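This report concerns only the one structure given below.
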Amino acid sequence: MAEEQTAGAAAAAGPTGQGCSGQHEVLQAVPAHGPHVLGTHQLPVGAAASQQPSWQQYSSVFTASKAGMQNVDKEKVKRVVFEMSKDSAHFKNEQRKQAQVDARIAQLKAKAASISQAELAAHQKAADAKLAQLEAGRDLSRTWLHADMDAFYASVEELDRPDLKSKPMAVGGMGMITTANYEARKFGVRSAMPGFIARKLCPQLAFVKPDFRKYEAASVATRGVFKVYDPHFEAGSLDEAYLDVTDYCAAHSMTGEQVAAELRAGVEAATRLTCSVGIAPNATLAKVASDLNKPNGQALVVSSREAVMAFVHDLPIRKVPGIGKVSEQTLNALGITTCGQLLQQRGLIAALFSSISARFFLGAGLGLGHTQHGGDRGDEGGAGGGSVVARKGISCERTFANMSSSADMEKMADNLVQHLAADMESEGIESKTLTLKLKTTDFAVRTRAVTLAGHVHTAQQMLPPILKLLRAELPCEIRLMGVRGSALRRLTSAGDALDAAAAGGRLNALQRMILQGRKQQQRGEAVEQQQGEQQDEQHCSMVISYRQLAQDLAIMRGSMPSMKQRLLRCHMTCLMMKTRQVLSAAAMVRLAQMARAH
DNA sequence: TACATACAC
DNA sequence: CATGGTGTATGTA
């Protein structure tokens with residue numbers, strides 16, 4: 001999730017300089033030339049108009065710093081993280097990787113230094129041509145939103161435990177934290193940080209074990225709202241989504257900002273959770289913007305070329321999705337820290353990087369991004385139509401206590417393969433290429449692959465090749481093993497009437513769900529020893545789903561009738577999909593009837 | 001195709 | 001005491 005991610009062991013919090021925690025924006029759009037519009041993006045109401053945008057204030061070393069962390073004692077965090085890390089195998093591996101990056105950067109700089117003026121001029125000319133081409137494809141006609149839930153997992157947990165709202169709390173365990181609430185962030189605690197370090201930073205930190213069922217249920221509720229504004233919205237993960245609201249804006253004579261405000265209110269009504277939204281002419285800028293006024297805020301990038309160019313001019317490159325820690329360091333070494341400099345140094349970029357990378361960097365310099373669902377590409381046209389991209393691989397991996405016995409390792413491989421086979425069957429896919437992944441106790445990763453004569457999907461088929469790959473690596477001491485299938489193909493299963501209907505493509509939505517549920521059930525029976533526990537859990541989950549539904553209905557009472565209806569319909573659809581693995585077909589029908597009745 | 005890396009979440 | 005799991009894309013050989 002965007003807001004939670006990117007902590008790196010050595011990273012500490014940077015200042016955002018903005019006291020936007022807890023503030024709410026007005027629901028109506030701020031007038032275009034009102035006092036709260038600064039440059040091209042909107043500051044939160046209540047922020048001083050003279051303040052600079054938060055992203056201009058961070059040190060580029062402390063990447064992805066967050067709202068709510070402006071008062072963190074950076075030096076202390078850095079010191080604690082270092083002290084707790086420095087002797088670990090993980091730290092040594094980080095140093096090894098960093099040395100590699102340094103070497104690559106040195107190589108790149110040498111190459112840059114060896115380029116003659118004439119060569120550079122030629123590259124610049126080529127870059128200009130590329131820029132003109134990119135510019136010609138610029139589309140400012142669409143309105144995109146990026147919605148990002150605030151501290152999602154932690155906020156969901158706070159619904160059940162309101163007492164935790166005022167205390168530092170993290171979702172995760174001693175090994176790894178997935179989300180920290182805003183109280184915890186004040187101590188420098190953040191996602192992707194090991195729990196034991198977080199506890200050192202904040203001894204009173206409350207740990208909550210992740211419960212993905214809860215987050216999925218909450219996510220389903222948010223998606224019910226998203227669907228109202230764009231039925232084809234793209235969910236990046238449980239907590240974020242991209243929406244093309246152009247049609248909705250036109251149909252309701254609303255601005256993107258108005259839609260964003262309404263959407264945020266809708267999400268909060270449906271879930272009691274807040275999100276932040278970016279509004280922009282493309283998906284990439286909308287994502288960048290959704291981070292600017294977090295939490296519970298929104299930010300606009302005006303749909304004009306000038307506004308986009310101005311927005312991007314001083315934007316740190318690290319803010320661009322796709323530019324991570326390594327790309328940032330690499331570009332920094334070339335004197336590039338902002339997107340504007342990506343354009344200034346276009347000759348150097350064209351000279352030093354592949355054409356794919358150069359196109360990406362130049363596009364970032366122009367503030368370009370996807371303006372169509374499905375990744376801007378008309379290809380990949382599978383049956384069933386449109387924006388759903390077929391998956392490329394499926395995998396299963398696990399970290400465990402250091403292991404060196406070959407018997408243990410083969411047992412682990414067997415386990416993982418069984419799991420993978422079950423997942424592949426429930427997904428209805430088979431694979432031609434198998435990959436074994438090992439992480440040795442010094443954190444070095446090895447992957448070993450084979451491409452087979454034909455496609456496989458059962459554990460019996462996949463285990464021997466995986467074991468062969470494994471035995472070739474022995475002896476070794478590992479902390480992680482993973483298996484992956486790629487070169488995928490749809491698995492066609494012959495069976496009963498329902499299967500025949502499936503083969504004929506004559507399934508309705510309900511039949512598809514029943515079929516899917518049956519596969520899940522078969523898979524469940526294969527691991528009978530776990531069934532007792534699981535049934536209890538499933539029953540529990542079903543009750544939760546119904547209760548969630550009742551709650552949502554209650555919340556929606558008193559809302560606008562049209563919105564209520566739409567929301568309910570979407571919610572029911574999602575709920576049915578969510579619960580299909582658990583409910584009987586009869587229960588699903590009952591749910592459908594309830595949905596129709598409303 | 002095989003492998004390593006980078007990146008997102 | 002102790003640093004995750006799943007998936008995509010890209011560079012290179």
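Order of the sequence lines sets the chain letters (A, B, ...), proteins ahead of strands, with each chain counted from 1. Fair warning: this is a prediction, and the values are worked out from it, not measured in the lab.
A/Lys294 and A/Asp150 are joined by a salt bridge, as a carboxylate oxygen and a charged side-chain nitrogen come within less than 4.0 angstrom of each other. The pair A/Glu94-A/Lys97 counts as a salt bridge, with a side-chain nitrogen and a carboxylate oxygen less than 4.0 angstrom apart.
Heavy-atom distances under 4.0 Å link DNA chain C to no residue of residues 449-457 of chain A.
A donor-acceptor contact under 3.5 angstrom links the side-chain atoms of A/Ser85 to the base of C/dT3.
Comparing atom distances between the A/Arg448 side chain and each of B/dA8, B/dC3, B/dA6 picks out B/dC3 as nearest. Distances from the side chain of A/Phe443 to the nucleotides C/dT3, B/dA8, C/dT6 place C/dT3 closest. Distances from the side chain of A/Lys392 to the nucleotides C/dA9, C/dG5, C/dA2 place C/dA9 closest. Side-chain proximity of A/Met174 to C/dG5, C/dT3, C/dA2: nearest is C/dA2. Checking B/dT5, C/dG5, B/dC7 against every side-chain atom of A/Lys325, the shortest atom distance belongs to B/dC7. When the nucleotides C/dG11, B/dA8, C/dG7 are ranked by their closest atom to the side chain of A/Ser354, C/dG11 comes out on top. Listed nucleotides: B/dA2, C/dT3, B/dC7. Nearest to the side chain of A/Thr433: B/dA2. Checking C/dT3, C/dG4, B/dT5 against every side-chain atom of A/Ala192, the shortest atom distance belongs to C/dG4. Comparing C/dG7, C/dG11, C/dG4 by their nearest atom to the side chain of A/Thr399 picks out C/dG4. Minimum atom distance to the side chain of A/Arg96 is reached by B/dT5, of the listed C/dT3, C/dG11, B/dT5.
At distances below 3.5 Å, not a single donor-acceptor pair connects side-chain atoms of A/Asn296 with backbone N or O atoms of A/Leu273.
Remark: A/Lys97 is not in phosphate contact with B/dT5, judged by side-chain N or O atoms under 4.0 Å from OP1 or OP2. Look at A/Thr447 and you'll find a side-chain N or O under 4.0 angstrom from OP1 or OP2 of B/dA4. For the OP1/OP2 pair of C/dA2 and a distance below 4.0 Å, the side-chain nitrogens and oxygens of A/Ser88 include no atom meeting the criterion. Note on A/Arg359: every side-chain N or O is 4.0 Å or more away from OP1 and OP2 of C/dT10. Proximity of A/Ser327 to the phosphate of B/dA6: no side-chain N or O atom is located under 4.0 Å from OP1 or OP2. The side chain of A/Thr435 contributes no N or O atom lying less than 4.0 Å from OP1 or OP2 of B/dC3. For C/dG7, the OP1/OP2 oxygens have a side-chain nitrogen or oxygen of A/Ser395 closer than 4.0 Å.
If you check every strand for non-hydrogen atoms under 4.0 Å, A/Arg391 touches sugar and phosphate atoms only.
Within 6.0 Å of NZ in A/Lys200 there are 12 or fewer heavy atoms belonging to other residues, nucleotides or ligands.
A parallel orientation is assigned to the rings of A/Tyr153 and A/Tyr215, their planes being inclined by less than 30° (bins at 30° and 60°).
We find that CZ of A/Arg199 is positioned 15 Å from C1' of C/dT3, with the value rounded to whole Å. Atom CZ of A/Phe196 is separated from atom P of C/dT3 by 6 Å (rounded to the nearest Å). In this structure, the NZ atom of A/Lys200 is 16 Å from the C1' atom of C/dT3, given to the nearest Å. Taking atom NZ on A/Lys437 and atom P on C/dG5, their separation rounds to 9 Å, with Å as the unit. A straight line from CD of A/Glu473 to P of B/dA4 spans 9 Å, rounded to a whole angstrom. At whole-Å resolution of the value, CG in A/Leu238 and C1' in C/dG5 are 13 Å apart. The CZ-C1' distance, from A/Arg484 to B/dA2, rounds to 12 Å in whole Å. Here C/dT8 presents its C1' atom at 13 Å from CG of A/Leu488, a figure rounded to the nearest Å.
Looking only at side-chain heavy atoms (C-beta outward), A/Phe400 and A/Ile478 come within less than 4.5 Å of each other. Counting only heavy atoms from C-beta outward, the side chains of A/Glu397 and A/Met481 never approach each other to under 4.5 Å. Between A/Thr435 and A/Leu469, the closest side-chain pair of non-hydrogen atoms is not below 4.5 Å.
For the atom pair CD (A/Glu427) and CZ (A/Arg490), the distance works out to 9.0 Å, reported to the nearest 0.5 Å.
Residue whose closest nucleotide on DNA chain B sits further toward the 5' end, between A/Arg104 and A/Gly236: A/Arg104. Residues A/Ser355 and A/Ile394 each lie close to DNA chain C; by heavy-atom proximity, the contact nearer the 5' end of the strand is made by A/Ile394.
Using atom C1' as the reference point in both C/dG4 and B/dC7, the two lie 15 Å apart (nearest Å).
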